Number of protein chains: 2
Amino acid sequence: MSTRSRSVVTIADVARACGVGTMTVSRVINGKKHVSEEMARRVEEAIARLNYQPNEAARTLKGRTSRTIGLIVPSLSDPFFSQCAHAVQQVAAEQGYMTMLFACEANRSVEAEELSQMRARNIAGILIVPSSENSLEQLQELRRSGMPVVMIDRTFAGIDAGEVMVENLEGAFRATNHLIDHGHRRILCVGYDREYNSIGERIEGYKKAMQTAGLSQQYILVKRGVPIGPKVVASLRSAKPPSAVFTLNNVTSVAVLSALKREEIRIPQQLAIIGFDDFELASLLAVPLTAVRQPATELGRHATRMLIDSLRTGNGGERMTSRIVLPTELILRQSCGCEPISRIARPS
Amino acid sequence: MSTRSRSVVTIADVARACGVGTMTVSRVINGKKHVSEEMARRVEEAIARLNYQPNEAARTLKGRTSRTIGLIVPSLSDPFFSQCAHAVQQVAAEQGYMTMLFACEANRSVEAEELSQMRARNIAGILIVPSSENSLEQLQELRRSGMPVVMIDRTFAGIDAGEVMVENLEGAFRATNHLIDHGHRRILCVGYDREYNSIGERIEGYKKAMQTAGLSQQYILVKRGVPIGPKVVASLRSAKPPSAVFTLNNVTSVAVLSALKREEIRIPQQLAIIGFDDFELASLLAVPLTAVRQPATELGRHATRMLIDSLRTGNGGERMTSRIVLPTELILRQSCGCEPISRIARPS
DNA sequence: AATCAGCGGTTAATCGATTATCTAAGCTCT
DNA sequence: AGAGCTTAGATAATCGATTAACCGCTGATT
């Protein structure tokens, strides 16, 4: 017994307890060869008895890489991202990796700081839902130093990283067409900023549908932080009021719905609405929201597998331009004018 | 130029570039004394030029503790926890700490694994919303080894850790009384398991209100995973059907609302409902939900400050039985029979 | 009989930053 | 002038696990 009360059990303590060298213990821990079964049993017994646990910092320092992947999402309050994060954590855990989860809250300096931490902490690889162009350079530098990177949901051009996306254009196209099929002619496209390509693709989908139908396009696109609901309400009082809106994401849908409720505007009679990105409570809303569902869980799963693959094969140093694009699904509810299913099923 | 292309810039590289010893560089990085301003400038310039970043693993190994706190929550899909996590991350970042966020998804073995990782990674301190009694022993052991621990939202008896809670009993008492004030006599208390003391306290609040009013209590308490909505619906067809329900948390509220909607049961006419734990979309629901709001952000803030305080003062080794209890707030909407405010404000 | 291969194990170097200890120089004060 | 103190910096030990290099032994090969 030394005087040190820190009670940190090291590999040397275990070795001493068994009367062997540290290398032998290390071999047992890492399942390497050249250890007799008998010895392995003794060592394992000692590990259990002393409640020894390898110091991750030491392992990382020597091994140059931790068995940890970093996940950066813009926000945890958006269920789309939290669902995604959940999937990442599950798959990573199955594969023996820990996940460090960071929410940058769409703050570019926070995101930069987090990326910088990734390098400092010898993260094995990065999963990111990039939220600011500013990080591009930093990501590129990480790529150059051999760090595998997979981008989820959004991508930046000019960076050699994996990509896992959804069919934004197609989803938006179908959503817009659904409104057109319901007889709407003046359809407003609403959303926050267009700094992410995913939003851009959705806008393209809307545009394509409108053009194909020979309709003129109407937009309300604002910067993050600008209240968007009131603008939509105001547009209803304009000369050519829209009869329907297509909201470009979750947050927008909620913002618009709030404003419409506040103003007691009837959905879908006065204004129909269809949103990109579905969420759990969408079906319990005053008027259940028709929405384009994104496969958040699948997105997270695929991205994690892609990252871990390139970790395993060690080709993070090479090009890693895999790209997976997942389909979306249009969930029909009542906000676009479809008949409520329950009414059809059981007329009262 | 050596042959190593790993491109890891070390403190030695920086020192060499300035023609000084590593100690000097280290002093500059950590803002210690005994370095001339002139020298400090040169070193900082070299750090910037070489894009040097201290290796966190090495720092941790030597310093015995990382500037990282671990946060374990049961789930990320529950907005209460994600809001809380957000607050933790913010406060921690302000204080120069990183947050490792883990979601255990109420899985006890995952929680155990995560706690074990905490120790292996020399986490400075732990914030936890404990979800399984099984972790108690593990937490106690971590406490004994001097690791500061703060429990959020729920606590376990017999563990010497900080606690940041809400006034569960009081909140539930007021909620139940609100229903009683509306003339309800048969009030059903519904929720998942009672393995957390926070749920237990809410039940106590309900019980106290009912007893005080001389009413008899009715419960539906099920294990996690059991569908609870149908049970509530079934109770309406019993001999003594409840006229109101008090749901013990977020998840329960949503489950019950779903079932009521499916069965087309009118709220609050056929059944009034009041929930513990408010959420963003509560006001946009078909019938806006009256709920007991918990100060999730404040909870996270206080817990983080408490943890970092004990990290600073280094009294994590001592007793750390601080306890903060935050008040709740009853948010009146329409699910309990109150007049819709908008109707009052502007009769149409 | 001599060499070789593999097994089971030890010793010591290493990863990168921190830090105790030490040297040298500059300064004040009697 | 020399003791005493502060400043500026160097050297080397240290944290705990991994791993290259090495050693002695046994049994097989030629």
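Quick caveat, the model's predicted, so the values are computed rather than measured. Residue numbering restarts at 1 for every chain, and letters A, B, ... go by the order of the sequence lines. Atom set for the values below is all heavy atoms of this structure, side chains included, hydrogens, waters and symmetry mates excluded.
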Practice task
Scan side-chain atoms only and decide if A/Arg59 and A/Asn30 contain a donor-acceptor pair under the 3.5 Å cut-off.
Solution key: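 Distance-only check passes for A/Arg59 and A/Asn30.
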Practice task
Decide whether A/Arg121 and B/Thr68 meet the rule of one side-chain donor and one side-chain acceptor closer than 3.5 Å.
Solution key: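 Judged by distance alone, the side chains do pair up.
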How many Å lie between [atom1] on [X] and [atom2] on [N], as a whole number?
| X | N | atom1 | atom2 | result |
| --- | --- | --- | --- | --- |
| B/Lys62 | D/dG16 | NZ | C1' | 12 Å |
| A/Lys32 | C/dT10 | NZ | P | 16 Å |
| A/Met23 | C/dA13 | CE | P | 15 Å |

Please tell me which of the listed nucleotides, [options], lies nearest to the side chain of [X]?
| X | options | result |
| --- | --- | --- |
| A/Met39 | C/dG9, D/dA12, C/dA17 | C/dG9 |
| A/Ser36 | D/dT19, D/dA17, C/dG8 | C/dG8 |
| A/Thr10 | C/dT10, C/dA17, D/dA17 | D/dA17 |

Using a strict threshold of under 4.0 Å (side-chain N to carboxylate O), is an ion pair present between [Y] and [X]?
| X | Y | answer |
| --- | --- | --- |
| B/Glu298 | B/Arg301 | yes |
| B/Arg312 | B/Asp309 | no |
| A/Glu44 | A/Arg41 | no |

Exercise for the section: Classify the nucleic acid contact of B/Ser26 as base, sugar-phosphate or nothing, counting any heavy atom under 4.0 Å across all strands shown. Expected result: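 Base contact.
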Exercise for the section: Give one of base, sugar-phosphate or nothing for A/Val25, where a contact means two heavy atoms less than 4.0 Å apart. Expected result: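 Answer is nothing: A/Val25 stays at 4.0 Å or more from every strand.
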Practice task
Check whether any side-chain N or O of B/Thr24 sits under 4.0 Å from OP1 or OP2 of D/dA10, and answer yes or no.
Solution key: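 Checking D/dA10 against B/Thr24, a side-chain N or O does come within under 4.0 Å of OP1 or OP2.
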Exercise for the section: Spell out yes or no: do the side chain of A/Arg27 and the base of C/dG9 have one donor N/O and one acceptor N/O closer than 3.5 Å? Expected result: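 By the distance-only test, yes, there is a pair.
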Practice task
Tell whether B/Arg59 reaches the base of C/dG16 with its side chain through a donor-acceptor pair below 3.5 angstrom.
Solution key: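 Between C/dG16 and B/Arg59, which were checked side chain against base, a qualifying N/O pair under 3.5 Å is absent.
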Handout entry: Neighbours of DNA chain C within residues 49-56 of chain B, by heavy-atom distance under 4.0 Å
Key =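 B/Tyr52, B/Gln53, B/Pro54, B/Asn55, in order of number.
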